[in-house]
Amino acid sequence: MHDRVALSAIRKTPGVGAARVGIGGPVGSGKTALIERLIPVLTGRGIDLAVVTNDLVTKEDAERLRRSGLIDPARVSAVEAGACPHTVIREDPTLNIAAGDELERKFPGVELIMFESGGDNLASTFSLDLVDWWIFVIDVAGGDDIPRKRGPGVLRCDLLVVNKIDLAPFVGVDLDAMLKEARAVREARPILATNARTGAGVDAVAGAISQAVLFR
């Protein structure tokens with residue numbers, strides 16, 4: 001609670017930098033697709049934003065966002081991890097911190113920077129030196145046993161997003177049971193179900209981000 005109060009005071013202080021939100025999760029869980037859906041929803045709420053992507057040795061996710069037409073390409077920065085993706089969001093996040101700082105210099109009005117981690121495993125977590133608040137994305141096609149495995153990403157994130165809910169009947173997943181198990185292991189911490197392909201549930205994710213780090 002004290003951390004949230006402190007963050008609230010910082011974000012309401014004129015001249016203080018943008019709120020920073022991390023989005024992590026396994027390969028193929030839908031992180032980039034979620035960001036593509038979040039951009040128009042957040043900008044529609046009047047939020048000035050930018051994005052930093054992380055890939056192993058390419059800038060593929062950044063280029064995808066730059067080509068999307070959803071955001072000024074200059075507002076998308078790319079970090080090449082060159083190693084296990086969680087290295088640059090947890091062990092040594094200096095490359096990402098520098099990328100965020102540069103976006104703030106280029107766009108002084110930016111309020112929110114989303115940091116997308118490269119696809120990683122269930123142990124992936126964000127350093128709080130890098131982000132104020134973070135989301136972990138899993139998907140039903142990855143298996144309904146993911147919550148039971150209690151990976152640090154699932155347990156420690158501020159918001160767990162269960163994506164690709166439309167696929168549940170096609171991959172033999174009982175979505176209600178999966179969500180129930182996720183709630184049990186997270187001890188009532190927030191969980192949202194989404195379909196990033198159609199946009200289902202994305203408004204709720206945008207609302208959670210806005211409330212948690214922008215306090216509106």
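The structure presented is a predicted model; accordingly, all values stated were derived computationally and were not measured.
The line from CZ of Phe107 to CG of Asp72 is 5.0 Å long, rounded to the nearest 0.5 Å. One finds the CD1 atom of Ile113 at 10.5 Å from the CG atom of Asn96 (value rounded to the nearest 0.5 Å). The CG atom of Leu175 sits 13.5 Å away from the NZ atom of Lys180 when rounded to the nearest 0.5 Å. Within the model, atoms CZ of Arg37 and CG of Asn195 stand 8.0 Å from one another, a figure rounded to the nearest 0.5 Å. The CG atom of Asp203 lies 11.0 Å from the CG atom of Leu192; values are rounded to the nearest 0.5 Å. Atom-to-atom distance recorded for Asp144:CG and Leu179:CG is 10.5 Å, nearest 0.5 angstrom.
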Stepwise salt bridge (Lys or Arg N to Asp or Glu O under 4.0 Å) check, Asp101 with Arg20: CA-CA 11 Å; Asp101 290 348; Arg20 300 187 178 195; 2.7 Å; yes

query: Step by step, would you call Leu38 with Ile23 a side chain to side chain contact (heavy atoms under 4.5 Å, CB included)?
result: CA-CA 12 Å; Leu38 283 170; Ile23 300 179; 4.3 Å; yes

query: How far apart are the C-alpha atoms of Glu116 and Lys31, what are their side-chain angles, what is the distance that settles it, and do they pass the salt bridge (Lys or Arg N to Asp or Glu O under 4.0 Å) test?
result: CA-CA 7 Å; Glu116 180 193 357; Lys31 299 180 296 297; 5.0 Å; no

- request: Give the C-alpha distance, both sets of side-chain angles, the deciding distance and a yes or no for side chain to side chain contact (heavy atoms under 4.5 Å, CB included) between Val137 and Leu34.
  value: CA-CA 9 Å; Val137 184; Leu34 178 62; 4.0 Å; yes

query: Would Val131 and Phe115 count as a side chain to side chain contact (heavy atoms under 4.5 Å, CB included) if you check the C-alpha gap in whole Å, the side-chain angles of each, and the deciding distance to 0.1 Å?
result: CA-CA 8 Å; Val131 298; Phe115 290 80; 4.2 Å; yes

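The shortest non-hydrogen separation linking Pro190 to Asp158 is CD-O, 3.5 Å. For Leu122 against Pro26, the heavy-atom pair with the smallest separation is CD2-CG, 3.9 Å. In plain terms, the two heavy atoms of Ala208 and Leu159 that are nearest each other are CB-CD2, 4.2 Å. Of all heavy-atom pairs spanning Pro152 and Trp134, the tightest one is O-CH2, 4.3 Å. Here the shortest heavy-atom pairing between Leu155 and Val185 reads CD2-O, 3.5 Å. Nearest approach of Ala19 to Leu214, heavy atoms of both residues: CB-CD2, 4.1 Å.
More than 12 heavy atoms of other residues, nucleotides or ligands shown are found within 6.0 angstrom of CD on Glu102. Few gaps surround CD on Glu91; more than 12 heavy atoms of other groups in view lie less than 6.0 Å from it.
With contacts defined as side-chain heavy-atom distances shorter than 4.5 Å, the pair Cys157/Ile135 does not qualify. Side-chain contact check for Arg45 versus Arg216: every heavy-atom pair is 4.5 Å or farther apart. Proximity of Arg156 to Phe126: side-chain heavy atoms (C-beta onward) are nowhere separated by under 4.5 Å. Leu65 is listed as a side-chain neighbour of Ile39, based on a closest heavy-atom distance under 4.5 Å. A 4.5 Å side-chain heavy-atom check between Ile165 and Thr194 finds every atom pair outside the cut-off. Side-chain contact check for Leu160 versus Arg189: every heavy-atom pair is 4.5 Å or farther apart. In this structure the side chain of Lys164 never reaches within 4.5 angstrom of the side chain of Val171, judged on heavy atoms. Between Phe136 and Thr125, the closest side-chain pair of non-hydrogen atoms is not below 4.5 Å.
At least one donor-acceptor pair closer than 3.5 Å links the side chain of Arg186 to the backbone N or O of Val154. Remark: the backbone N or O of Arg148 is not paired with any side-chain donor or acceptor of Asp145 at under 3.5 angstrom. Between the Thr43 side chain and the Pro40 main chain, a donor and an acceptor come within less than 3.5 Å of each other.
None of Val161, Ile146, Asn163 except one satisfies the side-chain contact (heavy atoms from CB on, under 4.5 Å) rule with Ile138; the exception is Ile146.
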Enumerate, atom names and distances included, each donor-acceptor pair closer than 3.5 Å involving a side-chain atom of residues 74-87, sequence neighbours excluded.
| from | atom 1 | to | atom 2 | distance (Å) |
| --- | --- | --- | --- | --- |
| Arg75 | NH1 | Asp48 | OD1 | 2.6 |
| Arg75 | NH1 | Leu49 | O | 2.9 |
| Arg75 | NH2 | Asp48 | OD1 | 3.3 |
| His86 | ND1 | Asp120 | OD2 | 3.2 |
| His86 | NE2 | Arg90 | NH2 | 3.4 |
| Thr87 | OG1 | Cys84 | O | 2.9 |

